[in-house]
K.L.:
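Have a look at the structure that comes next, please.
For ligands, and for the atoms within them, numbers begin at 1 and follow the listed sequence.
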Amino acid sequence: MTKSPILLNIKWDGLAKKAAFEKALPDHPFYNLADGMPSTEELAEVKYAVVWKPEHGFLATLPNLEVIFSLGAGVDHVLEDKQLPDLPIVRFVDANLTGRMVEWVVLQVLMHLRHQRKYDSFQRINQWNEIFPQPSADQLTVGIMGFGELGQAAAKGLLPLGFNLCGWSRSEKSMDGVGCFHGEDGLESFLARTDILVSLLPYTPATHGILNRNLIEKLSRGGPFGAPVLINAGRGGSQVETDIIACLKEGLLHGVSLDVFETEPLPKESPLWSFENVIITPHMAAVSDPAALAEHVATQVNRYEAGEELEYLVDRARGY
Ligand code: NAP
Ligand code: GLV
């Protein structure tokens, strides 16, 4: 039996993505906006939409829409639509995406710990240069802001390497081997012990611009580099780039890794591009794998159609 259509707004880069959805949900037709706008009659049949940065107001035009799926773990791109219909929103939580984020975080932490950017620049000029000190992981504390799915997984990836770890979240958490802090009251203590700050916060009104000079000044300066490292793969709206640039120039930051930016793509004229101790990646820390996304959507659609609760629902009041 043909089931209700699923609307996608995914830019396919090849047939593989389409095949992934058709394989995971063989009985559901697909309309992908990237292939053209379906007819009014077709749109009227749509119960599920899988979206990334949907055009504002568009989801409200679908009369029979029942569930909105975010193509990513973050949902700020959906919630910012002022005409968003009051429907359940399911975010993407998945082992494949989590694994990619853990790889990215571990890579960035080690890049800074091991002076890799400096060695890269020496290599380019055929120069054999040792750099001291060479601190070991247990001489530094990595503090993870946003201690949810990704933050906790990143901690589990870093723990075996010997780093001291702490996490900060909205509600209280506990994890063996990790100092857990929460809420406004816990923030200063968390920052004061953090040599390498990793932000995996969602973008909400409460996290807008939180990675600013005031916060950077509260980070530990007692670590082996004398100044902290800032790493952000949450959302660019949480960082104040002019503050980060000023702190780099003033030596208040030892190094920075950014995957997300206030404006994406990062404008060519941004000074961030030109610092040797700033590592820039183009919002690809954890891309959504088509097959994993399709499986996730299929699992949730099948649950929903069997009358079971949807998982990974967004709390609109919290904004994530
Ligand atoms: P999550 O499971 O919802 O975790 C979010 C964490 O942030 C939770 O620990 C939450 O606290 C905490 N938090 C939220 N608001 C807070 C506040 N005001 N103060 C203190 N803590 C706060 O989300 P996730 O799956 O880990 O994803 C996190 C974010 O990563 C996404 O929203 C997205 O922006 C970003 N992301 C980026 C990429 C990329 O490629 N760059 C890929 C995937 C995701 P509680 O635990 O108390 O709720
Ligand atoms: C990517 O940025 C995501 O939210 O999954």
Side-chain angles (χ1 to χ4, degrees), residues 10 50-54 68-80 89-108 143-157 165-175 178 180-191 194 197-212 215 231-239 257-262 264-266 279-290 292-293 296-297 311-320:
I10 304 175
V50 185
V51 293
W52 181 250
K53 298 185 181 170
I68 299 165
F69 290 89
S70 166
L71 180 136
V75 290
D76 47 307
H77 66 105
V78 177
L79 295 177
E80 68 191 15
I89 304 167
V90 177
R91 64 191 202 91
F92 187 32
V93 178
D94 164 71
N96 183 294
L97 180 137
T98 301
R100 287 163 192 255
M101 184 58 89
V102 174
E103 289 167 5
W104 188 88
V105 170
V106 171
L107 173 68
Q108 300 310 320
I144 303 175
M145 278 183 103
F147 208 52
E149 293 286 342
L150 301 179
Q152 292 186 29
K156 287 179 190 152
L165 284 162
C166 55
W168 183 70
S169 49
R170 219 167 69 127
S171 57
E172 197 169 349
K173 299 269 181 294
S174 71
M175 185 188 284
V178 180
C180 291
F181 298 83
H182 67 280
E184 281 301 311
D185 293 349
L187 184 56
E188 294 221 357
S189 311
F190 163 83
L191 295 173
T194 293
L197 180 69
V198 176
S199 177
L200 291 169
L201 283 167
Y203 181 60
T204 69
T207 65
H208 171 81
I210 193 169
L211 304 173
N212 57 27
L215 177 139
I231 296 174
N232 185 19
R235 280 289 183 267
S238 296
Q239 73 204 17
S257 292
L258 301 174
D259 183 59
V260 289
F261 301 91
E262 287 176 46
E264 294 180 8
L266 179 64
I279 299 173
I280 288 174
T281 55
H283 201 145
M284 46 55 68
V287 291
S288 298
D289 173 71
L293 175 67
H296 156 84
V297 172
E311 297 171 301
Y312 314 122
L313 283 171
V314 172
D315 178 335
R316 285 200 189 201
R318 286 187 326 188
Y320 66 98

K.L.:
Does ligand 1 have an atom that lies less than 4.0 angstrom from a heavy atom of Gly72?
P.N.:
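For ligand 1, residue contact (heavy atoms, under 4.0 Å) with Gly72 is absent.
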K.L.:
For atom 33 (C) of ligand 1, grab the closest protein heavy atom and report residue, atom and distance to one decimal in Å.
P.N.:
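It is Arg235 NH1, 3.5 Å.
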K.L.:
Using a 4.0 Å heavy-atom cut-off, which part of His182 comes near ligand 1: side chain, backbone, both, or neither?
P.N.:
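Within the 4.0 Å criterion, His182 makes no contact with ligand 1.
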K.L.:
Near Ala206, which atoms of ligand 1 are under 4.0 Å from a heavy atom of that residue?
P.N.:
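Counting atoms of ligand 1 from 1, those under 4.0 Å from Ala206 are 18 (N).
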K.L.:
Within the 4.0 Å heavy-atom shell around Lys173, which atoms of ligand 1 are there?
P.N.:
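Atoms satisfying the 4.0 Å criterion: 45 (P), 46 (O), 47 (O).
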K.L.:
What residues form a salt bridge (Lys or Arg N to Asp or Glu O under 4.0 Å) with Arg91, not counting sequence neighbours?
P.N.:
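By the salt bridge (Lys or Arg N to Asp or Glu O under 4.0 Å) rule, Arg91 matches no residue at all.
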K.L.:
Hey, which atoms in ligand 1 end up nearer than 4.0 Å to a heavy atom of Ala233?
P.N.:
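Those atoms are 35 (C), 36 (N), 37 (C), 38 (C), 39 (C), 41 (N).
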K.L.:
Polar-atom distance check: Phe147 versus ligand 1, any N or O pair below 3.5 Å?
P.N.:
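Among all N and O atoms of Phe147, at least one is under 3.5 Å from an N or O of ligand 1.
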K.L.:
Glu184 near ligand 1, heavy-atom distance under 4.0 Å?
P.N.:
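Glu184 does not count as a contact of ligand 1 under the 4.0 Å cut-off.
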K.L.:
Looking only at protein heavy atoms, identify the closest one to atom 4 (O) of ligand 1 and say how far it is in Å.
P.N.:
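Result: Gly148 CA, 3.3 Å.
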K.L.:
Please identify which atoms of ligand 1 are closer than 4.0 Å to at least one heavy atom of Gly74.
P.N.:
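Listed by number with element, the hits are 31 (C), 32 (O), 33 (C).
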K.L.:
May I ask you to identify the nearest protein heavy atom to atom 5 (C) of ligand 1, giving residue, atom name and distance to one decimal place in Å?
P.N.:
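Its nearest protein heavy-atom neighbour is Pro202 CD, 3.7 Å.
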K.L.:
Indicate yes or no: does an N/O atom of Met284 lie under 3.5 Å from an N/O atom of ligand 1?
P.N.:
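No; the residue has no nitrogen or oxygen that sits under 3.5 Å from a nitrogen or oxygen of the ligand.
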K.L.:
Does some side-chain heavy atom of Val178 sit less than 4.5 Å from a side-chain heavy atom of Phe147?
P.N.:
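Yes. Closest side-chain heavy atoms under 4.5 Å.
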K.L.:
At a 4.0 Å cut-off, with the gap strictly under it, does some heavy atom of Val93 reach an atom of ligand 1?
P.N.:
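Flag not set, Val93 not near ligand 1.
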K.L.:
For atom 41 (N) of ligand 1, state which one of Asp259, Asp76, Asp94, Thr281 supplies the nearest heavy atom.
P.N.:
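Nearest heavy atom to atom 41 (N) of ligand 1 lies in Asp259.
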K.L.:
Looking only at heavy atoms of Leu200, does any of them come nearer than 4.0 Å to an atom of ligand 1?
P.N.:
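Per 4.0 Å heavy-atom rule, Leu200 contacts ligand 1.
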K.L.:
Is Leu150 touching ligand 1 with its side chain, its backbone, both, or neither, if touching means heavy atoms under 4.0 Å apart?
P.N.:
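Contact part for Leu150 vs ligand 1: both backbone and side chain.
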K.L.:
Which bit of Met101 gets closer than 4.0 Å to ligand 1, counting heavy atoms only: side chain, backbone, both or neither?
P.N.:
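Under 4.0 Å from ligand 1, Met101 contributes side-chain atoms alone.
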K.L.:
Would you call Thr207 and Met145 a side-chain contact if the rule is heavy atoms closer than 4.5 Å?
P.N.:
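When only atoms from C-beta onward are counted, Met145 and Thr207 do not touch, as no gap falls below 4.5 Å.
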K.L.:
Going by ring-ring contact (aromatic ring centres under 6.0 Å, His included), name the residues that satisfy it together with His182, two or more places apart in sequence or in a different chain.
P.N.:
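Counting only residues at least two positions away or on another chain, His182 forms no ring-ring contact (aromatic ring centres under 6.0 Å, His included).
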K.L.:
Considering only heavy atoms, which protein residues lie less than 4.0 Å from any atom of ligand 2?
P.N.:
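Contacts of ligand 2 under 4.0 Å: Trp52, Gly72, Ala73, Gly74, Leu97, Arg235, His283.
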K.L.:
Which of the listed options, Ala286, Ser288, Gly146, holds the heavy atom that is closest to atom 6 (C) of ligand 1?
P.N.:
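Answer by nearest heavy atom: Gly146.
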K.L.:
Does anything in residues 98-108 form a salt bridge (Lys or Arg N to Asp or Glu O under 4.0 Å)? List the pairs, not counting sequence neighbours.
P.N.:
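Found Arg100-Asp289.
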K.L.:
Which option wins on minimum heavy-atom distance to atom 17 (C) of ligand 1: Arg170, His208, Glu172?
P.N.:
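Nearest heavy atom to atom 17 (C) of ligand 1 lies in Arg170.
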K.L.:
Just to be sure I'm reading this right: ignoring hydrogens, which of Val260, Asn232, Leu201 gets closest to atom 22 (C) of ligand 1? Compare them by their nearest heavy atoms.
P.N.:
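Minimum heavy-atom distance to atom 22 (C) of ligand 1 goes to Leu201.
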